[in-house]
Chemist: 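Next up is a structure, given as structure tokens.
Computation of the quantities below employed the complete heavy-atom set of this structure, encompassing side-chain atoms and omitting hydrogens, waters and symmetry-equivalent molecules. Here is the naming used below: chain letters follow the sequence lines, and residue numbers restart at 1 for every chain.
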2 protein chains.
Amino acid sequence: MAAEPTYLELADGLAASLGNAGERVVSENELAERHGVSRPTARAALQELERRFLVRRIRGAGTFVSRRIDYVISHDTAPSASATLRLAGAEPDVELMSARTMGAAADVALHLDIERATPVVHLQRRIRIDGIVTSWTSAYLLACAVPGIASQMRCHTSLFQVLREQYGIESQRRWSRASLELPTDTVIQTLELEGRPPTWLVEGVNHDRADRRRAIEFTRSWMRADVVNVVFEMGHPPEVVR
Amino acid sequence: MAAEPTYLELADGLAASLGNAGERVVSENELAERHGVSRPTARAALQELERRFLVRRIRGAGTFVSRRIDYVISHDTAPSASATLRLAGAEPDVELMSARTMGAAADVALHLDIERATPVVHLQRRIRIDGIVTSWTSAYLLACAVPGIASQMRCHTSLFQVLREQYGIESQRRWSRASLELPTDTVIQTLELEGRPPTWLVEGVNHDRADRRRAIEFTRSWMRADVVNVVFEMGHPPEVVR
DNA sequence: CAGTGGTCTAGACCACGGG
DNA sequence: CCGTGGTCTAGACCACTGG
């Protein structure tokens with residue numbers, strides 16, 4: 001016999017009977033009572049489900065089925081966070097945190113292949129999904145290529161769309177990198193994280209489809225791993241069966 | 001005041017004073033005694049470090065500082081697990097689990113762009129790092145391109161190397177995909193996982209550099225997220241400062 | 001064998017959310 | 001206000017590792 005621990009038995013049982021996203025899951029007390037175990041054991045089962053990204057727990061409210069969103073990064077998908085999230089069926093809520101022009105720092109200059117201190121526009125945005133802060137993005141754009149973009153961003157949400165419609169720039173991925181990292185204190189504050197859970201770090205450089213030699217934009221995003229599953233795809237996928 | 005929970009204070013304190021990989025960390029009892037807290041609280045602190053992939057805990061032995069290996073997937077890195085791991089400073093220990101010829105199933109046929117039931121060689125391998133089963137890979141190779149490879153693999157460890165040295169095939173990534181998924185029961189058994197922790201799923205199709213039209217190999221790997229950090233890179237990285 | 005981490009109990013108080 | 005999950009205590013037994 002496997003003789004699995006009680007809390008894992010409970011977790012597996014619950015996992016198999018989870019409802020649709022957003023639905024409520026039994027409380028710790030109810031689970032404990034129903035199965036004749038102590039509250040810590042029932043609690044361990046629910047925490048196990050949270051570690052598996054299957055539920056979200058909110059103090060004072062309860063435990064709820066969560067949906068984890070596939071955030072697909074590939075050559076074929078547009079370099080637009082809101083579009084990528086919408087593609088996965090989510091309703092992203094974009095908040096512009098700051099927009100200002102500054103001289104490029106060393107890392108930004110390196111990625112954009114420009115001299116240090118070249119003017120760049122720094123946009124900071126946060127995206128909420130179902131009220132949860134899901135991503136925090138710093139975008140650095142070549143200032144000379146996007147004059148007045150700061151004011152544009154104040155009345156639009158999608159940077160990708162503004163670039164296309166206001167500046168005629170068809171943004172396209174030149175380079176991109178994703179990994180699961182330990183968040184810094186700033187990230188923890190901005191994403192309103194508890195503890196210090198491994199978090200996606202996604203960086204990328206984009207250029208205009210019409211002028212591939214010049215990099216236009218460098219972005220650095222942190223994304224909650226419990227809300228989003230980053231799926232990274234490289235090269236051309238096999239033909240899907242039709 | 002932040003009024004952080006005791007166990008997080010303890011975790012942060014320990015995290016800041018961790019030694020080199022492999023070194024021992026204080027035991028639960030010692031931590032509890034030293035800080036005048038209960039064992040469950042001390043335990044929670046150590047478990048928090050485990051969730052951050054900073055330590056590994058072994059029943060009966062203790063808690064040890066772990067190093068997490070960057071597994072870099074990019075166009076520039078060779079499609080070889082052992083080479084990728086060695087590049088990161090690890091010493092992979094490859095075990096050939098099975099090698100047999102079979103007819104291609106639907107998914108394999110799709111990825112290799114061949115008819116179903118076309119003969120393919122199925123290689124199953126496991127890689128251990130520091131004694132821990134880190135990855136489990138199923139590789140499907142076009143049988144006609146690699147005659148007798150099963151016996152070759154019994155005396156060599158690197159498939160990439162065998163393809164190059166025995167068959168003159170310079171394996172190169174055509175398509176690749178990585179994400180963090182919930183492991184199936186089979187994966188849990190094979191990787192000797194406890195619980196059902198999110199695990200890397202990496203799939204890829206490779207071809208010969210000399211004949212890019214024909215796919216040679218389809219691989220599907222599961223890798224422990226606590227041992228390996230998959231870093232996925234697409235396109236050409238910016239020039240490194242020299 | 002002693003010490004480790006893994007599991008479990010039966011309580012307690014708290015901060016928070018919603019009715 | 002009550003119920004929720006978050007934290008914490010003080011015990012207990014077990015399986016396992018190592019000397």
Chemist: When you check the phosphate oxygens OP1 and OP2 of dG3(C), does a side-chain N or O of N29(B) lie under 4.0 Å from one of them?
Modeler: no
Chemist: Which is true for I58(A) with a 4.0 Å heavy-atom rule: it touches a base, it touches only sugar-phosphate, or it touches nothing?
Modeler: sugar-phosphate
Chemist: Could you give the CD-to-P distance, from E194(A) to dC16(C), as a whole number of Å?
Modeler: 11 Å
Chemist: Tell me which nucleotide among dG6(C), dT7(D), dC16(C) gets nearest to the side chain of E28(B).
Modeler: dG6(C)
Chemist: Donor-acceptor pair, distance only, cut-off 3.5 Å: does the side chain of S74(A) make one with the backbone of D76(A)?
Modeler: yes
Chemist: Just verifying a value: how many Å separate S158(B) OG and E165(B) CD, rounded to the nearest 0.5 Å?
Modeler: 8.5 Å
Chemist: Rounded to whole angstrom units, what separation is found between the CZ atom of R43(A) and the P atom of dT4(D)?
Modeler: 13 Å
Chemist: Indicate whether OP1 or OP2 belonging to dT4(D) is found under 4.0 Å from a side-chain N or O atom of T63(A).
Modeler: no
Chemist: Rounded to the nearest Å, what distance is computed from the CG atom of residue L8(A) to the P atom of nucleotide dG6(C)?
Modeler: 12 Å
Chemist: In whole Å, I'd like the distance from the CG atom of L31(B) to the P atom of dG3(C).
Modeler: 17 Å
Chemist: Under 4.0 Å between any heavy atoms, over every strand shown, what does R24(A) touch: base, sugar-phosphate, or nothing? Just pick one.
Modeler: sugar-phosphate
Chemist: Determine, for D185(B) against R196(B), whether the closest basic-nitrogen to carboxylate-oxygen distance falls under 4.0 angstrom.
Modeler: yes
Chemist: Check the phosphate of dC8(C) against Y7(A), side-chain N and O only, distance under 4.0 Å to OP1 or OP2. Yes or no?
Modeler: no
Chemist: So which protein nitrogen or oxygen atoms get under 3.5 Å of nucleotides 9-12 of chain C's nitrogens or oxygens?
Modeler:
| residue | atom | partner | partner atom | Å |
| --- | --- | --- | --- | --- |
| dT9(C) | OP2 | S38(A) | N | 3.0 |
| dT9(C) | OP2 | S38(A) | OG | 2.6 |
| dT9(C) | OP2 | T41(A) | OG1 | 2.4 |
| dA12(C) | N6 | R39(A) | NH1 | 3.4 |

Chemist: Give the rounded distance in Å between these two atoms: CG of L193(A) and P of dG6(D).
Modeler: 15 Å
Chemist: Check whether any side-chain N or O of S27(A) sits under 4.0 Å from OP1 or OP2 of dT4(D), and answer yes or no.
Modeler: yes
Chemist: Check whether any side-chain N or O of S27(A) sits under 3.5 Å from a backbone N or O of G62(A) as a donor-acceptor pair, and report yes or no.
Modeler: no
Chemist: Can you tell me the distance, in whole Å, between the CD atom of Q47(A) and the P atom of dG6(D)?
Modeler: 7 Å
Chemist: Measure the distance from CG on L46(B) to P on dT7(C) and round it to the nearest whole Å.
Modeler: 15 Å
Chemist: Angle class for the F218(A)/H111(A) ring planes (parallel below 30°, perpendicular above 60°, tilted otherwise)?
Modeler: parallel
Chemist: Should R57(B) be listed as having a side-chain N or O under 4.0 Å from OP1 or OP2 of dG6(C)?
Modeler: yes
Chemist: Between dC8(C) atom C1' and H35(A) atom NE2, what is the distance in whole Å?
Modeler: 16 Å
Chemist: Quick check: does any side chain N or O of R173(A) sit under 3.5 Å from a backbone N or O of A78(A), one acting as donor and the other as acceptor?
Modeler: yes
Chemist: Hey, is the main chain of V228(A) close enough, under 3.5 Å, to the side chain of W200(A) for a donor-acceptor pair?
Modeler: yes
